[in-house]
Trainee: 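Could you have a look at this structure, given as structure tokens, before my questions?
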Amino acid sequence: MNSVLLRKVVGIGIGAIAAVGLAATASAQTPKKGGILEFVVPGGIPSFDAHRETTYAMVHPTRPFYSLLIRVDPDNPSSPDFVCDLCVGDVPEASGDGTEYVFKLVQGVKFHDGTPLTSADVKASFDKIIFPPEGTPSARKSQFSQVESITTPDENTIVFKLKYPSGAFLPALAAPFNYIYSKKDLDTHGYDWHTKNINGTGAFKFVEYQAGAFVRGERYADYHHKGKPYLDGFRSTISAKLAVSVAAIRGDRAAIEFRGFPPKHRDDLVKALGDKITVQESDWNCVLLATPNQKVKPFDDPRVRQALTLAVDRWGGSKYLSRIAIVKTVGGVAFPNHPLSATQEELEQMRGYWTDLDKSRAEAKRLLADAGQSNLSFVLNNRGVDQPYKIVGTWLLDQWKKVGMNVTQRVQPTAPFYDTLRKKKDFDVSVEFNCQSVVNPLADTTKFRGASSDNYGQYEDAVLEDLFAKMNRSSDKAEQRKIMREYERRAIDEMAHIGVTLWWYKINPHRSYVKGWKISPSHYLNQHLDNVWLDK
């Protein structure tokens, strides 16, 4: 990197902080109304139903159509604070013995088809998420295991009764996937209707979707947050190619891509556009995983799974991949640097994190030989998204080759990729992910449970289930942390059910005329767009 560019990149770090300051200043200004926000989404939409989906590719183009009961603070989405969206006043604290949450709803809210919103709609939506009928998928059902019942004393009140006090409840409730659907739609059309249809109470009304191409929305005049949104509408263009997304922003055919760019493309855009580009950066609550299918031999053998993780040089990979990809931090099951996450010293005690790489790979070879798999060959299933899927997948192939494994990669577009994980289950080992929204390790680590609805390894582990239950029923932070270490050791060391690769690092270069949007530790959060305006 030459010295001029280096100074600009150093300036980006300051710029990230400065961008927040500028945005805060801008929010104190009078936002300009009008304009269409053009943005790029680097992935196809598997379906429109947020209750079953787990991908940003669905959230970015559809979140503006819907409201939530509560959401992260749009002006400070990196904070642990929540604000009401459809509820009134401040987010309520638990009452009584800490097991009851009572929400009062904003009155006068209407769905885009004109149907008034009541507590029955909120209850029907969370019933679908928490207590889905047999055969109805719900990706976050397991995050609400503490909920005993949902009741509606009147049409403006909804009450969540918990089985036990839980610090994981409100963060789970604020997840951006918890779209509030119309009970009438669910009753009339069934639980699959929202996979292909949209009717929310959000800031924008659905206009048009062309599969694989774009989604368009227009301003909803009766939006319940008065004075918003500022935009006349938005158009999200689907583009799986990173180079196309970068070129779109460079050529001002799009203003932003909300997921994140790798360092080189940030540097190129800053060099080319100067003050016409603003960069916001953040740690990212997202990690790629390598999950063996334990219904397929020899991945039912823990020795083989341990060899898979022992072969990977995470510490060296961090230094190398962080220069070319949107990954950076070595971590375990919990968001790095959180009080519940493992320290580096604790990580180094687990298989796959040893600092003696020769020892680690020798042990991998020994385990493979012991399992009769010295010449192990298999296929790695991967998603057809450049960053960081294909880069990390290719890196994994090289890592596994160093202990004698012969691995090929099968890359699929998003929809068939999910079909493989959820329905066909026709894979040996698959790249997948644990990408969460609100940082909440007590709930975020649910995925490592075999019983979790979004766990694709097809295993059962009663020890893990017991540890998870104990951890989430404890109100003592020290005890939570102790159990988290046991849970982590069991999941990714002893049983090696899932291989954690590297945690992501979020870099969002965007046109400087985009105002009001604040970066968060997740590419799912703050995507309702009711606070975004264009300074041009």
Side-chain angles (χ1 to χ4, degrees), residues 9 11-23 39-43 54-60 63 72-80 175-177 236 242 245-246 249 254-270 277-289 317-318 321-331 334-338 341 383 385-389 391-392 433-441 444 500-512 514 516-529 532:
V9 172
I12 289 167
I14 299 171
I17 300 170
V20 173
L22 286 171
F39 62 92
V40 186
V41 180
T54 60
T55 174
Y56 68 91
M58 183 282 307
V59 170
H60 291 188
R63 175 67 180 87
V72 296
D73 183 352
D75 292 324
N76 189 10
S78 296
S79 79
F177 294 92
S236 63
L242 174 62
S245 298
V246 175
I249 293 177
I256 188 168
E257 189 261 58
F258 291 110
R259 183 166 173 266
F261 283 169
K264 183 180 185 306
H265 294 292
R266 170 201 59 194
D267 299 345
D268 291 345
L269 285 170
V270 170
I277 203 83
T278 295
V279 182
Q280 300 188 52
E281 300 188 12
S282 172
D283 288 323
W284 199 338
N285 192 14
C286 196
V287 63
L288 282 191
L289 310 170
S318 172
L321 290 175
S322 63
R323 296 197 296 268
I324 60 173
I326 55 173
V327 295
K328 186 174 186 179
T329 309
V330 179
F335 184 54
N337 301 315
H338 187 278
S341 68
R383 185 180 185 181
V385 175
D386 291 341
Q387 283 285 349
Y389 290 85
I391 291 177
V392 171
F433 58 89
N434 189 22
C435 293
Q436 301 293 339
S437 51
V438 180
V439 176
N440 179 22
D444 294 349
V500 173
T501 64
L502 296 170
W503 288 77
W504 297 16
Y505 186 71
K506 200 165 189 293
I507 302 172
N508 284 113
H510 60 80
R511 284 277 169 172
S512 296
V514 176
W517 181 79
K518 309 282 183 64
I519 196 170
S520 75
S522 164
H523 58 315
Y524 301 123
L525 295 174
N526 219 16
Q527 296 302 137
H528 40 80
L529 304 185
V532 175

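Values reported hereafter were calculated over all heavy atoms of this structure, with side chains retained and with hydrogens, waters and symmetry mates removed. Throughout, residue positions are numbered sequentially from 1 according to the sequence presented.
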Trainee: Any idea which heavy atoms bring Leu288 and Thr501 closest together, and the distance?
Mentor: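 Closest heavy-atom pair between Leu288 and Thr501: O-OG1, 2.7 Å.
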Trainee: Side chains of Ile249 and Ile277, heavy atoms from C-beta outward: is any pair under 4.5 Å?
Mentor: yes
Trainee: Check whether any side-chain heavy atom of Val532 sits under 4.5 Å from a side-chain heavy atom of Val514, and report yes or no.
Mentor: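 Val532 vs Val514: side chains touch.
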Trainee: Checking Arg266 against Phe261: charged group under 6.0 Å from the ring centre and within 45 degrees of the axis?
Mentor: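 Pair Arg266/Phe261 does not count as cation-pi.
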Trainee: Are any non-hydrogen side-chain atoms of Thr55 and Arg383 less than 4.5 angstrom apart?
Mentor: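 Contact flag for Thr55/Arg383 side chains = yes.
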Trainee: Roughly how far, to the nearest 0.5 Å, is the CZ atom of Phe177 from the OG atom of Ser437?
Mentor: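 Rounded to the nearest 0.5 Å, the OG-CZ separation comes to 6.5 Å.
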Trainee: Would you say Leu502 and Val392 make side-chain contact, with heavy atoms under 4.5 Å?
Mentor: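 When only atoms from C-beta onward are counted, Val392 and Leu502 do not touch, as no gap falls below 4.5 Å.
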Trainee: Mind listing the closest non-hydrogen atom pair of Asp73 and Ser79 along with its distance?
Mentor: CB-OG, 4.4 Å
Trainee: Say whether, by atom type as modelled, one donor and one acceptor occur between the side chain of Tyr56 and the main chain of Pro42 under 3.5 angstrom.
Mentor: yes
Trainee: Can you list everything that forms a salt bridge (Lys or Arg N to Asp or Glu O under 4.0 Å) with Asp283? Sequence neighbours excluded, please.
Mentor: none
Trainee: Give me the atom names and distance for the closest heavy-atom approach of Ala57 to Gly43.
Mentor: CB-O, 3.6 Å
Trainee: What is the distance from atom CZ of Phe258 to atom OG of Ser522, rounded to the nearest 0.5 Å?
Mentor: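 Here the interatomic distance stands at 13.0 Å.
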Trainee: Could you check Asp444 against Asn285 for side-chain hydrogen bond (donor to acceptor under 3.5 Å, both in side chains), going step by step and ending with a plain yes or no?
Mentor: CA-CA 9 Å; Asp444 294 349; Asn285 192 14; 3.1 Å; yes
Trainee: Would you say the side chain of Asp268 lies within less than 4.5 Å of the side chain of Val246, judging by non-hydrogen atoms?
Mentor: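 No; the side chains remain at least 4.5 Å from each other.
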Trainee: Rounded to the nearest 0.5 Å, how far apart are CE of Met58 and CZ of Arg63?
Mentor: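 Answer for the CE-CZ pair, Met58 versus Arg63, is 10.5 Å.
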Trainee: Check for a donor-acceptor pair, side chain of Gln387 on one end and backbone N or O of Val327 on the other, with a separation under 3.5 Å.
Mentor: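 It does not hold such a pair.
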Trainee: Is the shortest heavy-atom distance from the side chain of Trp503 to the side chain of Val330 under 4.5 Å?
Mentor: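 They are not in side-chain contact.
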Trainee: Short question: side chain of Gln280, backbone of Trp517 - any donor-acceptor pair under 3.5 Å?
Mentor: yes
Trainee: Angle class for the Trp504/His523 ring planes (parallel below 30°, perpendicular above 60°, tilted otherwise)?
Mentor: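 Rings of Trp504 and His523: tilted, 30 to 60°.
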Trainee: Checking side-chain contact (heavy atoms from CB on, under 4.5 Å) against Lys518, which of Asn76, Asn526, Val72 comes through?
Mentor: Asn526
Trainee: Give me the atom names and distance for the closest heavy-atom approach of Thr278 to Ser512.
Mentor: OG1-OG, 2.8 Å
Trainee: So Ile256 and Arg511, do their side chains get closer than 4.5 Å, heavy atoms only?
Mentor: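 Counting from C-beta outward, Arg511 and Ile256 never come under 4.5 Å.
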Trainee: Could you go step by step and tell me if Tyr505 and Ser282 meet the side-chain contact (heavy atoms from CB on, under 4.5 Å) rule?
Mentor: CA-CA 6 Å; Tyr505 186 71; Ser282 172; over 6 Å; no
Trainee: For residues Ile519 and Asn508, report the shortest heavy-atom separation together with the two atoms involved.
Mentor: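 Minimum heavy-atom contact is CD1-OD1, 3.3 Å.
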Trainee: Would Trp284 and Ile326 satisfy side-chain contact (heavy atoms from CB on, under 4.5 Å), going step by step from the backbone distance to the final call?
Mentor: CA-CA 9 Å; Trp284 199 338; Ile326 55 173; 3.7 Å; yes
Trainee: Does a sphere of radius 6.0 Å around NZ in Lys328 hold more than 12 heavy atoms from other residues, nucleotides or ligands, not counting ones at 6.0 Å or beyond?
Mentor: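 Atom NZ in Lys328 is not crowded, with 12 or fewer foreign heavy atoms closer than 6.0 Å.
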Trainee: Once you round to the nearest 0.5 Å, how far does CD of Gln436 lie from OH of Tyr524?
Mentor: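 Atom-to-atom, Gln436:CD and Tyr524:OH are 7.5 Å apart.
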Trainee: If we only count heavy atoms from C-beta on, is the Ile507 to Val279 side-chain gap below 4.5 Å?
Mentor: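 Ile507 reaches Val279 side chain to side chain.
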Trainee: Which value, rounded to the nearest 0.5 Å, describes the distance between Ser236 atom OG and Leu529 atom CG?
Mentor: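 Spacing of OG (Ser236) from CG (Leu529) equals 9.5 Å.
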Trainee: List the steps, then state whether side-chain contact (heavy atoms from CB on, under 4.5 Å) holds for Phe39 with Glu257.
Mentor: CA-CA 6 Å; Phe39 62 92; Glu257 189 261 58; over 6 Å; no
Trainee: List the atom of Pro521, the atom of Pro77, and the distance in Å for their closest heavy-atom pair.
Mentor: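 Closest approach of Pro521 to Pro77, heavy atoms only: CD-O, 3.9 Å.
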Trainee: Verify side-chain contact (heavy atoms from CB on, under 4.5 Å) between Tyr389 and Phe433, making sure each step is shown before the conclusion.
Mentor: CA-CA 9 Å; Tyr389 290 85; Phe433 58 89; 3.0 Å; yes
